[in-house]
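Heads up, the thing below is written out as structure tokens.
Atom set for the values below is all heavy atoms of this structure, side chains included, hydrogens, waters and symmetry mates excluded. Residue numbers run from 1 in the order of the sequence given.
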Amino acid sequence: MNQIEKNIELLRAQTEKAKNELLKAEGKLESLMRNEEEIIKEVRELGVEPEQLEEEIRRLEKEINEELQKAWSYLPQELRK
């Protein structure tokens with residue numbers, strides 16, 4: 001096999017490899033898109049719009065911290081450490 005034929009065969013093999021990688025990437029993208037749709041659906045079922053998710057997380061963290069502080073305040077002073 002001369003050099004030109006070797007280069008053609010190498011190019012053909014690399015092209016086939018690239019096609020396979022593209023198919024894998026497309027499959028992964030489809031899977032991730034389905035996951036995203038499912039997560040958005042679950043978030044909406046919880047009464048939160050996806051655009052407001054960060055704000056809702058901050059609100060819940062604040063509420064948790066406030067409730068923890070309240071719970072600590074119920075303990076006798078000598079047990080608060």
Side-chain angles (χ1 to χ4, degrees):
M1 192 181 286
N2 67 34
Q3 190 60 38
I4 293 174
E5 290 171 333
K6 287 179 184 178
N7 283 338
I8 290 172
E9 188 57 37
L10 180 60
L11 180 59
R12 187 174 295 139
Q14 291 299 86
T15 301
E16 191 63 32
K17 182 178 177 182
K19 284 181 188 178
N20 289 334
E21 291 295 320
L22 177 61
L23 289 174
K24 284 183 196 176
E26 287 173 341
K28 180 130 179 131
L29 177 61
E30 287 177 22
S31 175
L32 290 171
M33 289 173 69
R34 282 192 302 274
N35 289 349
E36 179 186 37
E37 289 172 8
E38 184 62 30
I39 290 168
I40 288 172
K41 179 182 171 189
E42 289 176 16
V43 166
R44 285 190 171 132
E45 287 174 358
L46 293 171
V48 179
E49 286 301 312
E51 305 82 36
Q52 298 170 332
L53 198 52
E54 287 185 36
E55 180 182 328
E56 182 66 10
I57 290 170
R58 283 191 298 274
R59 185 190 72 75
L60 290 171
E61 286 175 340
K62 180 181 177 199
E63 185 178 322
I64 289 168
N65 285 327
E66 289 171 355
E67 294 299 321
L68 282 172
Q69 287 176 350
K70 191 185 300 183
W72 277 106
S73 73
Y74 295 139
L75 289 174
Q77 185 67 32
E78 59 272 3
L79 295 177
R80 295 184 211 171
K81 294 181 183 184

Euclidean distance, [Y] [atom2] relative to [X] [atom1], rounded to 0.5 Å:
X: I40; Y: E37; atom1: CD1; atom2: CD; answer: 7.5 Å
X: K24; Y: L22; atom1: NZ; atom2: CG; answer: 11.5 Å
X: Q14; Y: E9; atom1: CD; atom2: CD; answer: 11.0 Å
X: L29; Y: E36; atom1: CG; atom2: CD; answer: 9.5 Å

Exercise. Yes or no on side-chain contact (heavy atoms from CB on, under 4.5 Å) for K19 and E16, after CA distance, side-chain angles and deciding distance?
Worked result: CA-CA 5 Å; K19 284 181 188 178; E16 191 63 32; 4.2 Å; yes
For this session: Identify the heavy atoms of E49 and V43 that sit nearest to each other, and give their distance.
Result: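 Of all heavy-atom pairs spanning E49 and V43, the closest is C-CG1, 4.4 Å.
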Exercise. Is it the case that one hydrophobic cluster holds both I39 and L53, taking links as side-chain heavy atoms less than 4.5 Å apart, direct or via other members?
Worked result: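 Same cluster.
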Exercise. Applying the 4.5 Å side-chain criterion to the ILVMFWY set and letting contacts propagate, would I57 and V48 be lumped into a single cluster?
Worked result: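 Per the 4.5 Å side-chain linkage, I57 and V48 are co-clustered.
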Exercise. With distance as the sole test, does S31 use its side chain to make a donor-acceptor pair with the main-chain N or O of G27 at under 3.5 Å?
Worked result: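 Not at all, since once roles are kept as given, no pair shorter than 3.5 Å links the two residues.
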For this session: Report yes or no: does E5 contribute a side-chain atom to a donor-acceptor pair with the main-chain N or O of N2 at less than 3.5 Å?
Result: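 Such a contact is found between E5 side chain and N2 backbone.
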Problem set entry | Any residue meeting side-chain contact (heavy atoms from CB on, under 4.5 Å) with E30, in chain and number order, not counting sequence neighbours |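 By the side-chain contact (heavy atoms from CB on, under 4.5 Å) rule, E30 matches R34.
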More than 12 heavy atoms of other residues, nucleotides or ligands under 6.0 Å from [atom1] of [X]: yes or no?
X: E55; atom1: CD; value: no
X: E26; atom1: CD; value: yes
X: I4; atom1: CD1; value: no

Exercise. By side chain to side chain donor-acceptor pair (under 3.5 Å), which residues pair with E61, not counting sequence neighbours?
Worked result: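 Scan of E61 (side chain to side chain donor-acceptor pair (under 3.5 Å), adjacent residues dropped) gives none.
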Exercise. Below 4.5 Å, heavy atoms only, C-beta onward: do L10 and K6 meet side chain to side chain?
Worked result: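 They are not in side-chain contact.
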Show me the donor-acceptor pairs, under 3.5 Å and distance only, between side chains in residues 71-79 and residues at least two apart or in other chains.
from, atom 1, to, atom 2, distance (Å)
S73, OG, K70, O, 2.6
Q77, OE1, R80, NH1, 3.3

Exercise. Is a salt bridge present between E21 and K17, judged by a nitrogen-to-oxygen distance below 4.0 Å?
Worked result: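 No, no charged N to carboxylate O under 4.0 Å.
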